[in-house]
Amino acid sequence: MTDDRPRPQYGEHRPPPQYGEYASPQEQAKAMGASLPPLTHYAPVVNHPTNAQPHGASTSAKGTASGKTAPLRWDLILSSGLLAYGLINVISGFFQFSDMGRLINDVYSTQGVGDFTSTSLSGTFGVVINVTNVVLWLVGMLLTVRLLRRRKIAFYVPLVAGAVASIVAATCMMVLLFSDPAFSAYVNGH
């Protein structure tokens, strides 16, 4: 049975539904004598005849005919850039944190603090920072790639991994600094 009624154009009021063809769930419930709470958002129906696109028609930038969202190029570029920046930091961190005593002595000399007394914790914390950086970068990279393949926003994953790595490094550095007698004398003397 075909419908001879014309389809409403944009801005026109559609005719009342017959046999549930345009009916919302509330209208269908009303016709059946039941009641449903009002919906504020209707999800688009992909396979509904009024939403079908002719063969070869282009899709919008927000979605495709299959219902999947198009990849966001800005997110891909930003995520890749953040991962590359993180990799550069991880590689350069190997050289910085492998000798924590020298790193802290360099900081002390620029600030006029004195000489850092290196302990066994210096080497241990250097290894902890380097291993944490590598693990967080690998986990961040894997999660970012997984999200990008699913066409979801992913740029925040490298940012979170970098923030956690920074917190671990800062915590280790602070423990070393506050346990150093030269730093304590510098803080108490100024």
Side-chain angles (χ1 to χ4, degrees), residues 39-44 46 58-190:
L39 292 178
T40 58
H41 173 70
Y42 295 106
V46 176
S58 66
T59 59
S60 69
K62 289 267 184 185
T64 62
S66 66
K68 293 182 181 177
T69 58
L72 300 172
R73 294 205 189 280
W74 67 266
D75 184 48
L76 175 65
I77 292 167
L78 183 59
S79 298
S80 300
L82 288 170
L83 286 173
Y85 179 72
L87 182 61
I88 291 168
N89 282 335
V90 168
I91 292 170
S92 67
F94 273 126
F95 303 108
Q96 286 179 333
F97 299 122
S98 62
D99 189 4
M100 291 285 285
R102 190 188 77 211
L103 175 67
I104 294 175
N105 257 333
D106 290 345
V107 172
Y108 276 14
S109 66
T110 60
Q111 300 298 319
V113 175
D115 290 328
F116 174 71
T117 307
S118 186
T119 63
S120 62
L121 281 180
S122 302
T124 303
F125 281 156
V127 171
V128 167
I129 292 171
N130 281 331
V131 169
T132 302
N133 287 346
V134 170
V135 169
L136 285 172
W137 187 85
L138 287 173
V139 170
M141 188 261 311
L142 291 173
L143 289 175
T144 301
V145 169
R146 180 177 287 171
L147 287 171
L148 288 172
R149 284 186 177 168
R150 292 181 182 173
R151 297 186 167 121
K152 296 186 185 266
I153 301 290
F155 76 91
Y156 66 91
V157 175
L159 288 175
V160 170
V164 172
S166 296
I167 290 170
V168 169
T171 303
C172 291
M173 292 289 283
M174 295 307 283
V175 168
L176 286 175
L177 291 178
F178 287 125
S179 65
D180 183 43
F183 184 74
S184 298
Y186 177 77
V187 170
N188 292 332
H190 280 79

Would you compute the distance between atom [atom1] of [X] and atom [atom2] of [Y] and round it to the nearest 0.5 angstrom?
{"X": "Lys152", "Y": "Leu72", "atom1": "NZ", "atom2": "CG", "value": "11.5 Å"}
{"X": "Asp115", "Y": "Asn105", "atom1": "CG", "atom2": "CG", "value": "5.5 Å"}
{"X": "Leu143", "Y": "Leu138", "atom1": "CG", "atom2": "CG", "value": "11.0 Å"}

**Request:** Please name all residues satisfying side chain to side chain donor-acceptor pair (under 3.5 Å) with Ser79, sequence neighbours left out, ordered by chain then number.
**Result:**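 Partners of Ser79 under the side chain to side chain donor-acceptor pair (under 3.5 Å) test: Asp75.
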**Request:** Only pairs at least two apart or in different chains count here, so list each ring pair (Phe, Tyr, Trp, His ring centres under 6.0 Å) that has a residue in residues 145-169.
**Result:**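 Residue pairs passing ring pair (Phe, Tyr, Trp, His ring centres under 6.0 Å), neighbours aside: Trp74-Phe155.
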So, using side chain to side chain contact (heavy atoms under 4.5 Å, CB included) as the criterion, who are the partners of [X] when residues are at least two apart?
{"X": "Leu142", "result": "none"}
{"X": "Asn89", "result": "Tyr85, Ser92"}
{"X": "Phe95", "result": "Ile91"}
{"X": "Ser118", "result": "Phe116, Ser122"}

**Asked** Between Leu82 and Pro158, what is the shortest heavy-atom contact and its length?
**Response**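 Minimum heavy-atom separation between Leu82 and Pro158: CB-CB, 3.7 Å.
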**Exercise: identify the closest heavy-atom pair between Ala182 and Val113** = O-CG1, 3.9 Å
Return a table of donor-acceptor pairs under 3.5 angstrom between the side chains of residues 125-137 and protein atoms on other chains or two or more places apart.
unit_1 : atom_1 : unit_2 : atom_2 : d
Asn130 : ND2    : Gly126 : O      : 3.4
Thr132 : OG1    : Val128 : O      : 2.7
Asn133 : ND2    : Ile129 : O      : 3.4
Trp137 : NE1    : Leu83  : O      : 2.9

When the side chains of residues 162-181 are checked against the rest of the protein, which donor-acceptor pairs come out under 3.5 Å, sequence neighbours left out?
unit_1 : atom_1 : unit_2 : atom_2 : d
Ser166 : OG     : Gly162 : O      : 2.9
Thr171 : OG1    : Ile167 : O      : 2.7
Ser179 : OG     : Val175 : O      : 3.0
Ser179 : OG     : Leu176 : O      : 3.1
Asp180 : OD1    : Thr117 : N      : 3.1
Asp180 : OD2    : Tyr108 : OH     : 2.7
Asp180 : OD2    : Phe183 : N      : 3.4

